[in-house]
Amino acid sequence: MLLRASGEREAKDYDLQAVTDPDADSGLPHDRLLRALAEQTAGSQWQALGTLREAAAAMGEQQMVDALVVASAFNGITRVADATGIPLDENTAATTVTLRDSVGLDNFDYGVKSARYG
């Protein structure tokens, strides 16, 4: 089962390096604000997040709230998956080889993440 737009296969010209490179332009509107909202939410940087919310209002209040909800939800879902040792399923592993390589995802050190975010 796919969520609304997740099954769409229309080619988009996004730079996925922007996931791990803060200087890259992803091609998404407000990409730097979205990345900062996600990072500060995942890092529990609440004071900085409060300041950023004022700047992020430029993207629209509902879009900012949506971004914060998604960042919070994914942070929690990832923690549950990591804690229970849920492996990446074979189909996803096979179809995301190039993506994971291009953004360096397979080099991610979970020990560093645990130390950083507790």
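This one's a predicted model, so the numbers in the text were calculated from it and none came from an experiment.
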Q. Just how far is it from atom OG of S26 to atom CG of D21, taken to the nearest 0.5 Å?
A. 11.0 Å

(Q) With rounding to the nearest 0.5 angstrom, report the CD to OG1 distance, Q45 to T51. (A) 11.0 Å

Q.
Show the nearest heavy-atom pair for residues L99 and S102, with the distance to one decimal.
A. O-OG, 2.9 Å

Q) Around R53, counting heavy atoms of other residues, nucleotides and ligands shown, do more than 12 lie under 6.0 Å from its CZ? A) no

Q) Minimum heavy-atom separation for R32 to D23, with atom names? A) NH2-O, 3.0 Å

(Q) In the structure I gave you, are the side-chain heavy atoms of D25 and D15 within less than 4.5 Å of one another anywhere? (A) no

Q. side-chain hydrogen bond (donor to acceptor under 3.5 Å, both in side chains) with D66: which residues, sequence neighbours excluded?
A. Q62

Q.
Nearest 0.5 angstrom please: M64 CE to L33 CG, how far?
A. 10.5 Å

Q) Do any pairs count as a salt bridge (Lys or Arg N to Asp or Glu O under 4.0 Å) and have a residue in residues 89-102, sequence neighbours left out, and if so which ones? A) R100-D106

Q. Between A24 and D31, which heavy-atom pair has the shortest distance, and what is it?
A. O-OD2, 4.0 Å

Q. Which atom pair, heavy atoms only, marks the closest approach of W46 to T41?
A. CH2-O, 3.7 Å

Q: Drop me the distance from L49's CG to E54's CD, to the nearest 0.5 angstrom.
A: 11.0 Å

